[in-house]
2 protein chains.
Amino acid sequence: MEMAGRSSGDGETGERWTVASLARRAGVAASTVSRALRDDPRISPEVRARIAALASEVGYTPNVLARSLVGGRSGLIGLVIGPVENPLYAALLQKAVSRAALRGWRLLLVHAGAGPIEQATADSLLQYRVDGCLITSAQLPSRVATICRANGVPLVMVNRVAWEHGSAVSCDNRAGGALLADLLVRAGHRRLAVVRGGPATSTSLERTEAFAAHVVAAGLPAPLVLGGANSHAMGYATGEAVAAMGAGERPDGVMCASDLLAMGVVDALRERGLRVPDDISVVGMDGTEPALRAPYYLTTVAQPLDDMLERAFDLLQDRMRGVPRADELVLLRGELILGRSARLPADLAGDAFPGQSRMDA
Amino acid sequence: MEMAGRSSGDGETGERWTVASLARRAGVAASTVSRALRDDPRISPEVRARIAALASEVGYTPNVLARSLVGGRSGLIGLVIGPVENPLYAALLQKAVSRAALRGWRLLLVHAGAGPIEQATADSLLQYRVDGCLITSAQLPSRVATICRANGVPLVMVNRVAWEHGSAVSCDNRAGGALLADLLVRAGHRRLAVVRGGPATSTSLERTEAFAAHVVAAGLPAPLVLGGANSHAMGYATGEAVAAMGAGERPDGVMCASDLLAMGVVDALRERGLRVPDDISVVGMDGTEPALRAPYYLTTVAQPLDDMLERAFDLLQDRMRGVPRADELVLLRGELILGRSARLPADLAGDAFPGQSRMDA
DNA sequence: TCCATTTGTGCAATCGATAGCATGAATTCC
DNA sequence: GGAATTCATGCTATCGATTGCACAAATGGA
C-alpha cells in the first residue's frame, strides 16, 4: 500500500538518490549532475533544467557529509550552552537556533547544563569537523577552548569573557552594576547587599564588583556580600537569611547578580512577610521574561541578547572564512528596566511603570 | 610563539592528522591504522600499541563525516523541540542532551520554538543523514514527520501523540486529568473551570477532556472552559477574567492544562486580591521546577521525564538498528504532587507538605 | 576552407575512513 | 623437512560529491 508514496534511488527500494543514480537516469555524467544542481554556468540551460526537474521530482537531497568531505566545511556549529532551566540560557538557545538557520548553519548541540564537559563530548567537536563553536556557558569550559585552539576552530563566547582563547561578546556588566548602584543610592538606600552567582563566573564577579565599587565611591559602606551560586534556591536561602536579620542591620537594598537570584530573594522575603520594595528594594540583572512579569516586575538591566548573538555570529563568520583575525572582546550596553521591585529616586518616580519605562544603561 | 603548541598532520602546519598521515608516519598501511584504532584483533598487540600511542601523541581525531560516508550511519539524531522558555521543554532538552551523550549520539538541533519548521530546516535532517529524529514540540510538525517517513528515518515523539507516522512516548494525560478532577471534587469544590492550552495540542486536549468528563461523571456541572494557548500570559489573562467574575458564579477550582498556565492564573488571582487556595484552588500539570517552589507550590501531576526519554531513546535505538518495527504509543503514569495551591480532601489533609508527599497518578 | 576559440561534458582523482580480498611470513602438523 | 595453516598486514575498491583537466562539438574569423 505504501508503494506509490515510496520513491528511491534508481527505482530500487530503500536506496536514496545520489548524483550517480541521477546521472545514470538522466544519461549524463555525475559531474554534470553536480554542476547542474549547483548552477554552474558551464552547463547548458536545457540540461540544467532537465536535471533540476528530475532531482525535485524524485526528491533528491544532497549528502552534506560527502560534500563536506571534499569541501572541507561541514556547515556545523558546535553549541555549548548553560543550564536552560535558567530563562536566560533558554532565550539564548532559542535565538541562537533561529539566527543560525538564517545563515544556513546547523547546530551540533554538544552540551547543555551546569556540569563540566566530558572529554568524549568535547571530542565530537573535532569528529564532526565543526566550522566554529559558540559557547554560552558561564562555567569555564577550558577543555573546549583548548581543543578549539589546538585545532584552529573559531570560537566565540557569549555572556562571558574569554579567559584563554577565543573572542567574546558580552553585556557591559560593570556598567550595569554601576548603574544599579547609582539607582539604589540615589533612591536613598543606605545599607546595601550584593548576592553573587557562581564564584568562577565572570558575569557575576563583574556585576557585583562594579556595584560595590560604585557604592563605596558614593561614600556608603561596602555592601554585604551574600550568595555564591546562580540559582533560585540560593536566592531564596539568601532572602531567608536577610529576612532573619534584625531591622537595624538588615540591608534596605539588595543587588543580585542575576534575575534568577533576584526572584529567589523576592520570593523568600515575601514569604517571610517583608514587602518588596516597601521594606527592601531588590534589583537583578539579565532582563529575562519571567522576572519582568507578575509577581516580580523586577527592576533590572536587560541584556541585548539579539544584538549580542548577531555580533557573535558575525565574529564567527569572519573567522570561519579563513581570514586570520585577532581575538576580540565586544561589550554591548544593557538597558535599565524600571520595574516595581525597587524604590526609585525622586526624579524618576514618574517613570515607574513596569516594563514600559526604560533607559540606556 | 605558538609553534610548540601546534601539532599537525605529517608535521606540516595547519593540516589535521588522518589515517593516511598516521600510516605514513608509522610506516604501515592506512587500513592497519584504521584497524589498530578500532581494536581489530587481527592487528598484533605491538603494532596496535605503537599506533595508539602515536595517535594520542599527535592528538588524532577520526573524521566522523568520512566514517559515516562508508558506514551508512552518522551518529546524529535530529532534535526538534518546543519553546524552551517553557520550563518543561527546557527540562526535556537538558535530559535529552545528557541521555544522548550516554548512548554516544550527537544531537543536531533542528528547531526550537513555537513556530512552524521551515522547509530548508527540515531538509537538513536528510542532508546530514540523521539516524533518527526526536520531536518534543507540541506544534504538529507534519513536515518533519512526512520527511522522516518518506526516507525511512526512525521518528519518536515525546509529550505528544503521533498523528500520522512515528512512535510516541507520552504521559498518561487522561489519567492525570481524571486524578486532578477526583482530587478537586473530593475536596468539595463545586464550580470548576479548565484552562486549555493550544487548540491543536494533544496534551492539552487530553488533559482537559478527561478532567471535564470526570467532573461530569461525579455529578457536577461541566466545567467552564477558558484559555486557549499555552503561555503565562494566557494564564494571567484567564486569571484576571476569573477574578472579575461575581462571587456567586466564580469557579472555586481551576484545572490548568499546564504548570505555565497555572502560574499565570495564580499570579493574576493574587494580584487581584484573591487567595490561593483559600478562595480558589488551582492545579496544573507537568511538574516543572518553577511551579513546585515559592511562591506557587503548585498541586500538579509531574511527568516522568526521565523515564519518558529513556523509553523514547529505546524506541529510537531499536528502529535505528534496522529491525523493522511497528509504531508504538507508550504511555507512562504521572505522579501527583500535593502542593499548597489547592484545598485537599479531608482524608489527605495530613499530607499537605509541598513537594514531599506524592502519590502515583 | 581551415585553424583558433568558445562551449558543453565526460573522465578520473580527491576528501578520510573502512572492509573484502590477496599476499607474504611465521607457525604448526604429520 | 615439506605442506597446510594461521597470522599479520598491504592493496584496492567503496561511500557521495566535487573539481581539474581533457576532449569533442560548435562557432568564429580570415
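This one's a predicted model, so the numbers in the text were calculated from it and none came from an experiment. The sequence lines fix the lettering, A, B, ..., with proteins before strands; numbering per chain opens at 1.
Regarding A:Q127, its CD atom lies at a distance of 11 Å from the P atom of C:dT18, rounded to whole Å. Atoms CD1 (B:I43) and C1' (C:dA19) sit 12 Å apart, rounded to a whole Å. Atom CD of B:E46 and atom C1' of C:dA26 are 13 Å apart (whole Å). Spacing between atom CG of B:L22 and atom P of D:dG10 amounts to 14 Å, rounded to whole angstrom units. The nearest whole Å value for the distance from the CG atom in A:L69 to the C1' atom in C:dT14 is 9 Å. Straight-line distance from the CG atom of A:L37 to the P atom of D:dT19: 13 Å, rounded to whole Å. With rounding to whole Å, A:D40 atom CG is found 15 Å from D:dC21 atom P. In this structure, the CZ atom of B:R48 is 11 Å from the C1' atom of D:dA8, given to the nearest Å.
Which of C:dC11, D:dA17, D:dA8 sits closest to the side chain of A:R35 comes down to C:dC11. Side-chain proximity of A:P62 to D:dC21, C:dG16, D:dA17: nearest is D:dA17. In the set C:dA17, D:dG10, C:dT9, C:dA17 carries the atom at the smallest distance from any side-chain atom of B:V19. Among the nucleotides D:dC15, C:dT18, D:dA17, the one closest to any side-chain atom of B:S34 is C:dT18. Checking D:dC21, C:dA19, C:dC15 against the side-chain heavy atoms of B:R38 singles out C:dA19 as nearest. Which of D:dG10, C:dT9, D:dA17 sits closest to the side chain of A:T18 comes down to D:dA17. When the nucleotides C:dA17, D:dA17, D:dG10 are ranked by their closest atom to the side chain of B:S31, D:dG10 comes out on top.
Checked by distance alone, A:R24 brings no side-chain donor or acceptor within 3.5 Å of a matching partner on the base of D:dG16. With hydrogens and angles ignored, no donor-acceptor pair under 3.5 angstrom links the side chain of B:R16 to the base of C:dG16.
Distance alone, capped at 3.5 Å, places no donor-acceptor pair between the A:S124 side chain and the A:Q127 backbone. With hydrogens and angles ignored, the 3.5 Å screen pairs no side-chain donor or acceptor of A:R106 with any backbone N or O of A:L76. The closest donor-acceptor contact from the side chain of B:S74 to the backbone of B:R129 lies under 3.5 Å. Using a distance-only test at 3.5 Å, with no hydrogens or angles considered, a donor-acceptor pair links the side chain of A:D131 to the main chain of A:G75.
A sub-4.0 Å separation between OP1 or OP2 of C:dA17 and a side-chain N or O of B:Y60 is present. The phosphate of D:dC7 has neither OP1 nor OP2 within less than 4.0 Å of any side-chain N or O from B:R42.
Residue B:V28 is in sugar-phosphate contact alone, with no base atom involved, counting any heavy-atom pair closer than 4.0 Å across all strands shown. At the heavy-atom level, B:V47 lies under 4.0 Å from the strands shown only through sugar-phosphate atoms.
Shown are B:L22, B:V47, B:L54, B:T18; of these, the side-chain contact (heavy atoms from CB on, under 4.5 Å) with B:V33 is made only by B:L22.
Each of B:V70 and B:P41 was assigned the nucleotide of DNA chain D with the nearest heavy atom; the assignment lying further toward the 5' end belongs to B:P41.
Within the 4.5 Å cutoff, the side chain of A:Y60 has heavy atoms near those of the A:V19 side chain.
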